[in-house]
Enquirer: 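I'd like to ask some things about the structure below.
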Amino acid sequence: MNASPSTLQATSATNASEPFESFRARLNEYLKSELIPLEKRLGLGYQDRFERSLIRSIWQRCRELGFYGAQLPVALGGCGLSIEQHCLLKDDAAASGAILFPHVLGDWGGPSRIGSLVKYLTPSQRSEYLEPVVHGQKGICFAMTEPRSGSDAASIQTSAVRDGDHYVINGRKHFITASTFADAAILMCVTDPSAGAKGISAVFVDLDAPGVRLDYDCVPMSGQFVDADIIFENVRVPVKNVIGQEGQGFHIAMNRINTNRVLHCPTMLGLARQTYELSLEYAQQRKQFGGAISRFQAIQHMLADMATSLYACEHMILATARKADRGDDIRTEASMCKLFVSERCFEVADKAVQIHGNVGVTQDHPVEFIFRRLRMYRIVTGTSEIQRNTIAKGILAIDAA
């Protein structure tokens with residue numbers, strides 16, 4: 001992706017204003033010269049369980065360099081990145097080949113999970129939850145999905161019953177991303193069962209509270225230990241932990257979902273771009289029948305299709321990000337991006353597997369791993385079918401309610 005000419009305010013790495021291209025170059029240098037060599041020294045693999053101490057050291061190192069939470073406003077210690085700039089950096093990070101790239105900008109358990117909620121937070125919530133997350137001292141996750149409530153988010157059943165100055169919470173959240181790195185959850189729960197979606201509230205819950213436990217049985221097809229189920233059994237949570245107002249939780253969740261869908265797309269794009277670049281290199285090195293396989297038209301056509309898909313995805317993401325930066329309603333476009341990018345990027349990875357042949361189906365080869373991971377993106381954060389529903393409502397002006 002080509003960055004737009006702009007400047008940003010760097011964090012602790014420098015007190016001066018820094019051109020975005022310089023910031024972006026520093027990020028890529030960190031990935032190439034520091035993070036990837038660290039992963040190699042430690043012998044890390046895609047499917048390893050990573051120690052929390054290692055993850056936190058990366059959070060704090062990236063915070064020192066100004067990368068961690070760079071998308072946050074300057075007033076919160078970030079760089080005030082535009083959504084477009086954030087997309088550019090996410091693409092770079094995912095394409096780098098680093099295994100731990102989601103931790104660099106704070107996607108897994110970091111500021112990306114909580115930054116959009118700042119306008120709803122009380123001063124005590126900011127000091128107890130927001131600030132430690134921004135500084136890489138604590139992790140947080142967003143807990144909405146349940147075993148019987150995925151795409152139909154309004155049907156969640158986790159209950160929060162008022163008992164004096166506390167809620168008593170019972171329920172189970174399923175496949176919660178970044179829960180394995182989190183100290184607290186932003187929990188969507190039902191505080192008024194008679195009010196439908198308007199009876200759902202958002203509440204901070206500490207994951208070390210009595211009655212909370214994590215179930216790590218839901219390992220996804222990527223094999224990464226990022227997701228877990230969170231079980232709540234008679235967990236007492238202070239009423240002061242409600243985010244915004246009681247009954248505002250569903251509104252808060254839906255407000256973040258459109259931008260969130262767009263911001264998943266550069267990660268898919270970066271991963272697909274990595275498989276494309278590996279395929280280009282492999283096709284020119286792999287010899288068959290007296291020469292490189294890149295001379296075969298079948299291989300050339302696959303590479304051409306891959307490059308075309310990446311170009312289309314890139315410009316679709318940037319166009320939508322610019323609309324979001326202008327403050328436009330991107331509900332339809334966000335779903336278009338999630339649908340198109342997830343499906344095209346998976347196709348790119350599929351072609352990469354084909355080009356690599358037996359190497360491409362060898363477990364833990366980057367192409368094989370990315371193929372599995374990109375298949376997941378057609379499900380997570382809203383299936384392709386749900387995206388088509390949202391797009392249809394937008395283009396036919398059907399009332400989403």
Side-chain angles (χ1 to χ4, degrees), residues 108-110 112-114 116-117 120-122 125 128-130 133 138-220 225-257 260 376 379-383 386:
W108 278 354
S112 293
R113 304 276 157 184
I114 195 172
S116 63
L117 304 183
Y120 302 104
L121 303 184
T122 64
Q125 289 171 345
E128 188 172 353
Y129 294 103
L130 176 66
V133 170
K138 287 186 176 181
I140 200 158
C141 60
F142 188 83
M144 183 163 69
T145 303
E146 296 183 1
R148 297 181 182 179
S149 173
S151 298
D152 184 9
S155 67
I156 66 172
Q157 297 179 351
T158 297
S159 63
V161 178
R162 185 75 177 258
D163 181 23
D165 293 332
H166 289 76
Y167 292 109
V168 179
I169 297 176
N170 285 279
R172 185 185 189 106
K173 295 296 180 179
H174 180 56
F175 225 81
I176 303 304
T177 300
S179 53
T180 56
F181 311 117
D183 298 280
I186 299 164
L187 177 70
M188 295 293 143
C189 52
V190 179
T191 49
D192 184 354
S194 66
K198 294 182 179 179
I200 296 172
S201 300
V203 182
F204 284 116
V205 181
D206 294 310
L207 296 184
D208 61 356
V212 180
R213 61 186 174 88
L214 269 62
D215 182 341
Y216 296 97
D217 288 342
C218 57
V219 180
F225 294 92
V226 178
D227 314 282
D229 282 15
I230 311 176
I231 297 96
F232 303 89
E233 296 177 345
N234 296 317
V235 180
R236 294 184 66 84
V237 176
V239 171
K240 68 181 179 66
N241 281 19
V242 171
I243 301 169
Q245 298 178 355
E246 189 174 286
Q248 202 175 9
F250 189 74
H251 172 74
I252 289 172
M254 292 302 103
N255 272 356
R256 74 184 284 274
I257 201 165
N260 195 45
M376 292 170 55
I379 303 294
V380 299
T381 68
T383 65
I386 288 296

Enquirer: How would you list, by chain and number, every residue that makes a salt bridge (Lys or Arg N to Asp or Glu O under 4.0 Å) with Arg172, sequence neighbours excluded?
Expert: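 Result, salt bridge (Lys or Arg N to Asp or Glu O under 4.0 Å) vs Arg172: Asp215, Asp229.
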Enquirer: Show your working on side-chain contact (heavy atoms from CB on, under 4.5 Å) between Val219 and Asp217 and close with a plain yes or no.
Expert: CA-CA 6 Å; Val219 180; Asp217 288 342; over 6 Å; no
Enquirer: Which atom pairs, one a donor and one an acceptor, fall under 3.5 Å between side chains of residues 242-249 and the rest of the protein, sequence neighbours left out?
Expert:
residue, atom, partner, partner atom, Å
Glu246, OE1, Tyr167, OH, 2.3
Gln248, OE1, Gln245, N, 2.8

Enquirer: Return the NE2 to CD1 distance between His251 and Ile200, rounded to the nearest 0.5 Å.
Expert: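 Separation between the atoms: 13.0 Å.
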Enquirer: Quick one, Lys240 and Phe204 - any side-chain contact, counting heavy atoms below 4.5 Å?
Expert: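 Not in contact.
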Enquirer: Please round to the nearest 0.5 Å and tell me the distance separating atom CD1 of Ile114 and atom CD of Gln125.
Expert: 8.5 Å
Enquirer: Nearest 0.5 Å please: distance from the CG atom of Leu130 over to the CG atom of Leu121.
Expert: 6.0 Å
Enquirer: For a quick test of reading the model, state the closest non-hydrogen atom pair linking Gly171 to Thr158 and the distance between them.
Expert: CA-OG1, 3.7 Å
Enquirer: Roughly how far, to the nearest 0.5 Å, is NZ of Lys173 from CG of Leu214?
Expert: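 Output value for this atom pair is 13.5 Å.
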Enquirer: Would you call Glu233 and Arg213 a side-chain contact if the rule is heavy atoms closer than 4.5 Å?
Expert: yes
Enquirer: Which atom pairs, donor and acceptor, lie under 3.5 Å between side-chain atoms of residues 175-190 and protein residues at least two apart or in another chain?
Expert:
residue, atom, partner, partner atom, Å
Thr177, OG1, Asp227, OD1, 3.0
Ser179, OG, Ile176, O, 2.7
Ser179, OG, Ala228, N, 3.1
Thr180, OG1, Phe225, O, 3.2
Thr180, OG1, Val226, O, 3.1
Asp183, OD1, Arg56, NH2, 3.1
Asp183, OD2, Arg56, NH2, 2.5
Asp183, OD2, Gly139, N, 2.8

Enquirer: Report the C-alpha distance between Tyr129 and Asn241 in whole Å, list the side-chain angles of each, state the deciding distance to 0.1 Å, and finish with yes or no for side-chain contact (heavy atoms from CB on, under 4.5 Å).
Expert: CA-CA 10 Å; Tyr129 294 103; Asn241 281 19; 3.3 Å; yes
Enquirer: Could you tell me whether the side chain of Ile257 reaches within less than 4.5 Å of the side chain of Asn255, counting heavy atoms only?
Expert: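 Not in contact.
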Enquirer: Check Pro220 against Met376 and note the closest heavy-atom contact, atom names and distance.
Expert: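 The pair with the smallest heavy-atom distance is CB-CE, 3.5 Å.
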Enquirer: For the residue pair Phe232 and Val212, establish whether any side-chain heavy-atom pair is separated by less than 4.5 Å.
Expert: yes
Enquirer: Is there side-chain contact between Val235 and Val237, with heavy atoms separated by less than 4.5 Å?
Expert: yes
Enquirer: Using a 4.5 Å cut-off on heavy atoms from C-beta on, say whether the side chain of Ile231 contacts that of His174.
Expert: no
Enquirer: Salt bridge check, Arg236 against Asp163: does any charged N sit closer than 4.0 Å to a carboxylate O?
Expert: yes
Enquirer: Can you see whether Phe142 has Arg256 sitting over its ring - NZ or CZ less than 6.0 Å from the centre and within 45° of the normal?
Expert: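 Yes, a cation-pi geometry.
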Enquirer: What distance do Cys141 atom SG and Arg113 atom CZ have between them, rounded to the nearest 0.5 Å?
Expert: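 Nearest 0.5 Å value for the SG-CZ distance: 8.0 Å.
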